[in-house]
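Computed over heavy atoms, backbone and side chain alike; hydrogens, waters and symmetry mates excluded. Letters go in sequence order (proteins before strands), and every chain restarts at 1. For clarity, every value in this text was computed on a predicted model and none was experimentally measured.
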Protein chains: 2
Amino acid sequence: MGSDICRLGICGLGTVGSGVLNLLATQTEEIRRKTGTTISLVQIGCRRPHPDCDLSSTAVSKDIFDLARNPDIDILVELIGGTDIAKALVLEAISNGKHVVTANKALIALHGDELFRAAAAAGVQVRYEAAVAGGIPIIKAIREGLVANRIEWLLGIINGTSNFILTEMAREGNHQTFEQVLAGAQRSGYAEADPSLDVEGIDAAHKLTILASLAFGLPLKFDMVVTEGISTLTLDDIRFADELGYRIRHLGIARRKEHPDQTEIELRVHPALIPQAHLLAQVEGVMNAVMVGADAAGGTMYYGPGAGAAPTASAVLADVIDIARGNGSPQQEFTDDTVDAYRILPIEEIESANYLRLGVHDRAGVMARVTTILSNHQVNIEALQQKDVQSSDTQIIILTNRVREGDINNAIDELEALDDLTASVVRIRLVGLPPE
Amino acid sequence: MGSDICRLGICGLGTVGSGVLNLLATQTEEIRRKTGTTISLVQIGCRRPHPDCDLSSTAVSKDIFDLARNPDIDILVELIGGTDIAKALVLEAISNGKHVVTANKALIALHGDELFRAAAAAGVQVRYEAAVAGGIPIIKAIREGLVANRIEWLLGIINGTSNFILTEMAREGNHQTFEQVLAGAQRSGYAEADPSLDVEGIDAAHKLTILASLAFGLPLKFDMVVTEGISTLTLDDIRFADELGYRIRHLGIARRKEHPDQTEIELRVHPALIPQAHLLAQVEGVMNAVMVGADAAGGTMYYGPGAGAAPTASAVLADVIDIARGNGSPQQEFTDDTVDAYRILPIEEIESANYLRLGVHDRAGVMARVTTILSNHQVNIEALQQKDVQSSDTQIIILTNRVREGDINNAIDELEALDDLTASVVRIRLVGLPPE
C-alpha cells in the first residue's frame, strides 16, 4: 500500500472491536500527524445489533463476508473470535486481495500456516500483534527488533487471568483458594464464565505456539505444546514455595538446543517455581511479560497489560498502520528445508528440577521408603522439609535436582502406589532463569 | 529499497563496529532466511589499522568520506562517534542518496533535527535504534508498536554505568563508596576513563532527548533537559533510602501535561528514590529499562542490556534490515504548527516530593529552626527521622510532600545559611510510579 488513505473494515464488535472503534475515534488525527496516513473506517460487520455503539456514520452489514468482498476495503480486521468462521472469513478476504489484521490467537495457532501461505500467494499480509500479550509489541520486537539474532529461548507470563489468580492466592492475608479467587475474578470480569481456556493453559499454549514459531522459524505446532494449567494449585504450595524463596508463576517456555544435524525444540506451558528476586516474579495481577534470550541482544524483556479493550486495540491499530505505511516482512519465516531439521521434544525427554509435595501418614519408615524410591529413579534430593499439617498427617516438601521428566514421572507413579500417601503427589517444575 | 541485496558501508571499527562485523559474519545466512535479504558489506572506513579484525575480504578506506560518496553503498553505518565529523559524514551520505544507520546518541540528540530534515528532503532514512538502550528495540516500540497511542510519560534507567555503580554501592556487605565502585568499574571496563558523560547524566540526557522527541512529537531539546548525575550520592543516602522502603536509581523522566491551549513537557535526568517493590527498582547492574505510559496500551516496559558490542550491533542490524525490507516511517514525527504549542517546563516549575539529608550539630532548637524554614516555604514534612552518626553530629532525614522545585530550593538555601548545618543539604527527588 503506502497510500495516504487506508480503508478499513472491522468484523466483530465485542470488547476488542469496540476498543478499536473508540481508539480510532480519538486517534485518527494523531495517527495522521505521526504517519501521514488517514485511517478511514469504511464498513463494520457484526451479526448482532449494538445499540451502545454509535454506528450512524459507518455502513454496517450483518453478513461479515460482505466485508471480505467489499472492493473499497484495503484491510479487513477480524475480531469475531472462534476458528471456523474466522478462518473462512480471513481466507475469503485474502483471496480478494485484502490484508488482514487479527487479534485471534486460536486462529493463528491452529490455522496460521495455511493463512500465511494463502497470504503469501496473494501478496498480502496477515498480521496478529494483538493475538499475543495485548498492547505489548512483542511480535514486532521478535520479528523486527531482534531480527539479527538467533533466539535461544522465550519465557513468558502470557495469560493474565492465571497470573491474576496466582498473585491473589499469594497476596498476604488473603488466604483465598484457587476456586475462591476464580469466582471473584469471574464476578469482576477478569475471568470468563468458562475459565478453562485460561486456567488450563490452552490460551497460553496458543500464544506460545505463535511466539515460538516466529522466534525459531518453525511451523505452528500447537498440538506439540506440553500444556498444564493452575487449577490444581493449593495455598499450601504457594506458601511452601514462598518459604523456599520462590514464587509460583504460570509460564510459557520455548527453548532451542542445537545438535550437529538437528535442532531440538521444547514447547511447554505449566506452573513453575521461579526465584523471588527475578523480574518475572515481580509481574503481578493481569500483567504479562515475555523474556527473550537472543545471542546478540542478550536477555530482553517486554512487560505490560496482556489484555483489555484499549491495549488490544492499540496492537490492532499498530498493525493497520504498519500495513498502511507499506511496512511488512515475509509472511512465513521458515522454509521447508529448515523445518525438517527441527524436532519437538516429547515431554518424557524434557529435563527440569522439581518441587514435590507428598501428603503422608506419620508412620515409622515413611521417609526411608520415599527417598529410596526417588533414588531408584535417579532423582536426587536437593532439599527436604517436613511440614506438620494435622495431628496424624505430614506433608513432605522435596526439591529435586534436574531430572528427565520420564524418570520423575516413574518415581511419582511408584510413590503413589505406597499406602503411606494420603493424596496424589503434587509436582511443580522449577524453572531457572534463563531456562537453560 | 526492498531489493534482495543490501549493500553496506561501515564507518568506525571500535567496539560497536567490531560487534557489527562479528554479527554480520555469523548471521548473514540466518538473516537471509528470515527476511529474503542478503546483507553485503561493501566497504569499511576506519582511520586506524585494526590488526585484530580480518578485513581481507572487504575494501577498507582510511578516508571515511569515501564511503559517503561510494555509489555501490546503499546504507552507511556511522559508528565513529563524536559529533562534528560524524555530522559532516552523515550529511554527505544523505546528499548522495544513502540511508544512514547510527548508534550515535550525541549526534542525534544535538543535530538530529537537521539530519532528519536533510534525509526527508533526500528521500532517505536516518535510523538510530542503537543510540538508546542498546539491544532493546525501544525506538521501534515507541515509533511503531505504540503508534496508535498518545504517550503520556516515559521513565527509564538509560545509563548502564550509573545503574551499575548504584547497585554496587547498595549491594549487601559491599560498603564501597561512589569513588571506589567507579574505580573498579573503570578497571573492569564498565566505565570510561573519563566517566563524566555517564555519571553526570549527560549520556542519559542525550537518550531522554531522543525518546521524548519521538514519544511526544517535538523537536530534539537536549539543552532543555534538567540534568543531574550520581557523583554526589553517598552510602548513607542509599542506606537511609533503603530503611524508608526506597531504592535510588538514576532516571530519565519525560512527561506531558495537556492544557487547553498548550502542552507542557517535563524533561529531566536525575537520581531518584523509587519504591522498592517497583519493577524499575529490580533493574540491576548495567541493565536498562524504559517504561512508557500510553493512553491505550497502558504502562509497558522494555528491559535488557543497555550497551555492549553485541546488543548494540543487534540494534544496528535491525535498522539495516528494516531499510533493506523497505520498511520505514516518516523521518520527522512533528510539524511546525504542533511544535509551537509545546512548552518545556523550566526546572523551577517542576513538582516533586523530596528526600532531604541534613547534617546538623546536635544543639537545642535545631529541629525547630529546620522545620520552621521548611514550613515558611510551603514544604510539608511527610516523615522525619534523626540518625546519630557521630557523638556531636546528627543527620536529619526528611521526606517532604510534593512541592515546586522553586520552593524547595529557596528552603534549602535558607537552611544552608543556618550555622547549625555541618554540610550542604543533600536533596534527592522521589519519583512516583507512574510519575504523575
Quick one: closest heavy-atom pair of B/Gly145 and A/Lys140, and the distance?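 So the minimum-distance heavy-atom pair works out to N-CD, 3.9 Å.
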Name the member of [options] that forms the most heavy-atom pairs with chain B at distances under 4.5 Å.
| options | result |
| --- | --- |
| A/Ile321, A/Leu317, A/Ile31, A/Asn149 | A/Asn149 |
| A/Pro137, A/Ala289, A/Ala315, A/Gly135 | A/Pro137 |
| A/Ala148, A/Ala141, A/Ala309 | A/Ala148 |
| A/Ala318, A/Gly308, A/Ala296, A/Pro305 | A/Ala296 |

With a 4.5 angstrom heavy-atom cut-off, could you sort out which part of [X] is near chain B: side chain, backbone, both or neither?
| X | value |
| --- | --- |
| A/Leu23 | side chain |
| A/Asp322 | side chain |
| A/Leu146 | both |

Once you round to the nearest 0.5 Å, how far does CE of B/Met287 lie from OG1 of A/Thr300?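 Going from CE on B/Met287 over to OG1 on A/Thr300, the span is 8.5 Å.
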What part of B/Leu279 gets closer than 4.5 Å to chain A, counting heavy atoms only: side chain, backbone, both or neither?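 Both parts, backbone and side chain.
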Hey, does [Y] have a side-chain heavy atom less than 4.5 Å from the side chain of [X]?
| X | Y | result |
| --- | --- | --- |
| B/Tyr302 | A/Tyr302 | yes |
| B/Gln27 | A/Asp295 | yes |
| A/Arg325 | B/Val147 | yes |

Shorter than 4.5 Å, heavy atoms on both sides: which option in B/Glu129, B/Glu30, B/Arg150 has the most such pairs with chain A?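 Top count of heavy-atom pairs under 4.5 Å with chain A: B/Arg150.
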Leading residue by heavy atom contact count with chain A [cutoff under 4.5 Å; candidates B/Ala294, B/Ala313, B/Gly299]: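 Of the options given, most contacts go to B/Gly299.
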Let me see the working for A/Glu144 and B/Glu144 under side-chain contact (heavy atoms from CB on, under 4.5 Å), right down to the final yes or no. CA-CA 11 Å; A/Glu144 302 173 17; B/Glu144 302 172 18; 3.4 Å; yes
